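What follows is a set of notes on a single structure, which appears directly below.
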Amino acid sequence: MSQVAFRTRDELPMICGDFCGKDIVSLDQFAVQDIEYLLPVIQQMKKMAVNHEPSHVLAGHLVSLLFFEPSSRTFSSFSAAIKRLGGQTIEIQNPEIVSSVSKGETFEDTIRVFEAYSSAIVLRHPVPGAALKAARAAEYVPVVNAGDGNNEHPTQTLLDLYTLYETFGRLDHLTGLLAGDVFNSRTLHSLMRGLSLFRYNTVYLLSPQQLRLSRADLAHFAERGLRIIEIDSEKDIPRECHFWYWTRIQKERFSSLETYEEIVAKNFTVTPALLDAYASKDMILMDPLPRVGTIDPAVDDDERAVYLRSQVRNGLYTRMALLALILGKA
Ligand code: NCD
């Protein structure tokens, strides 16, 4: 679905204050005003969900969830979001095994079949750019990117921005530490796009040498006004960070298990000692999860650890808000 005049470089429609019917493929479609519009809607959805208020906002809508890659949180929070709002879902995990994709049906045909039955398609796929391809294939319904390879994961970033906003009351003048697989982590790629929309944000990138941000992305984000500082050691983590955002080494993106294991062995993990040494008392510790070698469970009781608390819950409220807006009911 692509019908709006003003487009991003990739020919995607900008949100421009109107979510109705729009594909959500990249954070590049958002302007500050769109994020500012979304935040109170998420807040409203949170109130509704926390109070178990029944809703019929998506009544009559059927949304297809097509997940070509494994998922716990994204899949179940989309499913829960739709059902919480009175809508229904067609849920297919591993379409490459259980659908006609296994018989050789093309990706485009699969998308067009599911669009015939539903009001929107939520897609996760291992290939970067698959969400854009799906958005082009679907003529009548919006496509939401739930993660395309190592490219982007826009709905994760919207929930991450909400989590930051809820904590600090602003999305500018923030300093963050982004750690782990900076090269492959789609959550980080979208988050950097999101943070670069707001003024005076700084990110410190801590990753194994082989997994640094690509030089092209580094230049691109810096050009957009995000201050980026690469560091090589935990010892360089500045005390003033408002948040740490840890990511696992993305095993599925490696062609050699040996290389993966070598890198994992040298990777950085958050421990109570690391927090004591380098974290401020008012910061928050985030992780999109799953945590695999990222955070020692001994940290879980620390009040600053939000990954299994507000961050994971905000995924539900954010996806409720987004779907309600896209399907024109909020
Ligand atoms: C992330 C993903 O799938 O990109 N998980 C998620 O959606 N919450 C992060 C990851 O898998 O490492």
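Predicted model only: the values in this text are computed from it and were never measured. All ligand and atom numbering here is 1-based and tracks the order in the structure.
- Residue Gln250 touches ligand 1 through its side chain alone, judged by heavy-atom distances below 4.0 Å.
- A salt bridge does not link Glu91 to Arg124: none of the charged side-chain nitrogens sits closer than 4.0 Å to a carboxylate oxygen.
- Heavy atoms from other residues, nucleotides or ligands lying under 6.0 Å from CZ of Arg215 number more than 12.
- Against a heavy-atom cut-off of under 4.0 Å, Pro290 is close to the following atoms of ligand 1: 10 (C), 11 (O).
- Between the side chains of Thr163 and Asn314, at least one donor N or O lies within less than 3.5 Å of an accepting N or O.
- A donor atom on one side chain and an acceptor atom on the other are not found under 3.5 Å apart for Glu152 and Asn145.
- Nearest non-hydrogen protein atom to atom 8 (N) of ligand 1 is Pro288 O, 2.9 Å.
- Atoms of ligand 1 found under 4.0 Å from any heavy atom of Arg248, numbered from 1 in the order shown, are 10 (C), 11 (O), 12 (O).
- Within the set Thr294, Leu289, Asp181, Thr247, the minimum heavy-atom distance to atom 5 (N) of ligand 1 is found for Leu289.
- If you check each of Arg253, His153, Arg186 against atom 3 (O) of ligand 1, the one with the closest non-hydrogen atom is Arg186.
- Phe30 and Leu39 fall within a single hydrophobic cluster, where Ile, Leu, Val, Met, Phe, Trp and Tyr side chains are chained together by heavy-atom contacts under 4.5 Å.
- Checked by distance only, ligand 1 and Gln156 come closer than 3.5 Å through their nitrogen or oxygen atoms.
- The environment of Glu53 atom CD is dense: over 12 non-hydrogen atoms of other residues, nucleotides or ligands sit within 6.0 angstrom.
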